Number of protein chains: 2
Amino acid sequence: MAPTPAEQAAIEKAISEVRQIPPRTTIIEAGRPLRHSALIVEGLVCRTISDRDGLRQFVGLHLPGDFVDLHSFVLQNLEHDIASVTQARIAIVPHIGMDALVADVALARKLWFSTLLDAAMHRAWLFRLGRLDAMGRMAHFLCETNARLRAVGLSDGRRFTLDLTQNDLAEICGVTSIHMNRILRQLREENLATMRSSLVEIIHPGRLAARGQFDGSYLYLDSPDLPEG
Amino acid sequence: MAPTPAEQAAIEKAISEVRQIPPRTTIIEAGRPLRHSALIVEGLVCRTISDRDGLRQFVGLHLPGDFVDLHSFVLQNLEHDIASVTQARIAIVPHIGMDALVADVALARKLWFSTLLDAAMHRAWLFRLGRLDAMGRMAHFLCETNARLRAVGLSDGRRFTLDLTQNDLAEICGVTSIHMNRILRQLREENLATMRSSLVEIIHPGRLAARGQFDGSYLYLDSPDLPEG
DNA sequence: CGATCGATTGATTTTTGTCAAAGACGGTGG
DNA sequence: CCACCGTCTTTGACAAAAATCAATCGATCG
């Protein structure tokens, strides 16, 4: 479902501007009506829902190449926040331009597909939060992220950089940052993965996937399997 | 985004058959290629992901009028299971027929919208699992379900029937059924809601919503607010 | 009537959160 | 260059939440 070069060109033509976003900046606040969508050129962007104390739950994490809020084109507004994690560059695509894009039925179908992939990822995250313990959640998240980064050439299948603090990871996995710290130590001690200052190394991809009960088929990547280990 | 009568008729014309499904029956198993989608006419249908021990996590619950697996039309297969909870009647819409339906751009947009609503609900569930304690999760779920049932005339805003066992509720909230039993008692003791043999009564909608930090705007219902209490 | 499934309860263990305090590290300004 | 500061990480002690183990109870069904 990758766009053809022509489709890619059409999307790029619909970009009205590219914005530079500082790290840790709210890009879109929940509830505001939107007249454009955003495509990540560079950096990490997160989608979060905050509880009444302002504590956040990540409901998505987006990498370069992802449409962050394509759904806002159809829904008109968002029920969650979008914020940069790292420094980021995002391309703005006005909804008016999107209207022209979806006139092309094939492209419309691909955009729909892209939002359905997001939904599939949401479901995998639900499984993670609902059925796994803290260590399983982290293992699952690392496997997913490794697979996604690999698909865009940002991981070699074992090592990648991921600019997330332990607090971010905690907000992803629905645990406290203190507990996340202990989980990371455990992953290290059990020789599954290490994570030091944004460098992640997966020592035993197979065992990590088993620990997190990870099956990446929902990502629809044609990723070559890693050797067991 | 409700379909017009004409669109409704077109959808109904695309139905190839209506199936009667016994309770507790798997309708679609994860990973199978699909050539049709299913629309619920009557009954409760759930979407679940199972862990390696076969323990399930609900990732969605569908009511009459919902397309259960509209996304399979675009994705071609599912990464989760679909099963009946109660006795159900589902209308089968072959994907071939769907192709004809989405030729109508306005209807295509509405179907897209419907899958985006699902995704928004997924995100609300992520918040529930990630940020709320067991009682908050149950409170949130009851509020959501009350709002949804009300929209289709199956709740008066305080009372409705919901044919789920305590084990189902546990699989929705990501806790054990034993713990769910204690949560239900607590909800009763704190005069928030009662649930006895599939009859749910919400005693203080306002307080229950507060306990579950529920804000139903993601459901896109034009529901009149309930009196506080 | 026995069998089965779901609901309920108690006792106990495990997991996770909370509170409190250091330690590490990079960046900034003097 | 170095002291200071803020942010992130790490650790310990303790409390709370949830899981687990083990029964019992109650209703429904063949």
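In this text the structure is predicted, and so the values were computed from the model without any measurement. Naming convention: chains lettered A, B, ... in sequence-line order (proteins, then strands); numbering from 1 in each chain.
- Here dG12(D) is the nucleotide among dT20(D), dG12(D), dA7(C) with the atom lying nearest to any side-chain atom of Ile178(A).
- Atom-to-atom, CG of Leu169(B) to P of dG6(C) comes out at 12 Å; the value is rounded to the nearest Å.
- A donor atom on one side chain and an acceptor atom on the other are not found under 3.5 Å apart for His80(B) and Ser50(B).
- Ionic pairing of Asp133(A) and Arg128(A) is not present here: no N-O contact between side-chain nitrogen and carboxylate oxygen is shorter than 4.0 angstrom.
- For the pair Asp163(B) CG and dA7(C) P, the interatomic distance rounds to 11 Å; values are reported in whole Å.
- Residue Arg182(A) has no polar side-chain atom (N or O) positioned under 4.0 Å from OP1 or OP2 of dG12(D).
- Note: CZ (Arg131(B)) to P (dT16(C)) measures 14 Å, nearest angstrom.
- The Thr165(B) side chain lies nearest to dG6(C) when the options are dG17(C), dG6(C), dT8(C).
- Taking atom CZ of Arg137(B) as the reference point, atom C1' of dT16(C) lies 12 Å away to the nearest angstrom.
- Checking dA19(D), dT11(D), dT9(D) against the side-chain heavy atoms of Gln166(A) singles out dT9(D) as nearest.
- Mapping Val175(B) and Arg24(A) onto DNA chain D by nearest heavy atom places Arg24(A) at the nucleotide closer to the 5' end.
- Remark: the backbone N or O of Val59(B) is paired with a side-chain donor or acceptor of His122(B) at under 3.5 angstrom.
- Contact check, Asn181(B) against dT8(C): a side-chain N or O comes under 4.0 Å of OP1 or OP2.
- Closest contact between the side chain of Thr176(A) and the listed nucleotides dA18(D), dT8(C), dT18(C) involves dT18(C).
- Taking the six-membered ring for Trp and the full ring otherwise, the centers of Phe113(A) and Tyr220(A) sit less than 6.0 Å from each other.
- At the heavy-atom level, Gly174(A) lies under 4.0 Å from the strands shown only through sugar-phosphate atoms.
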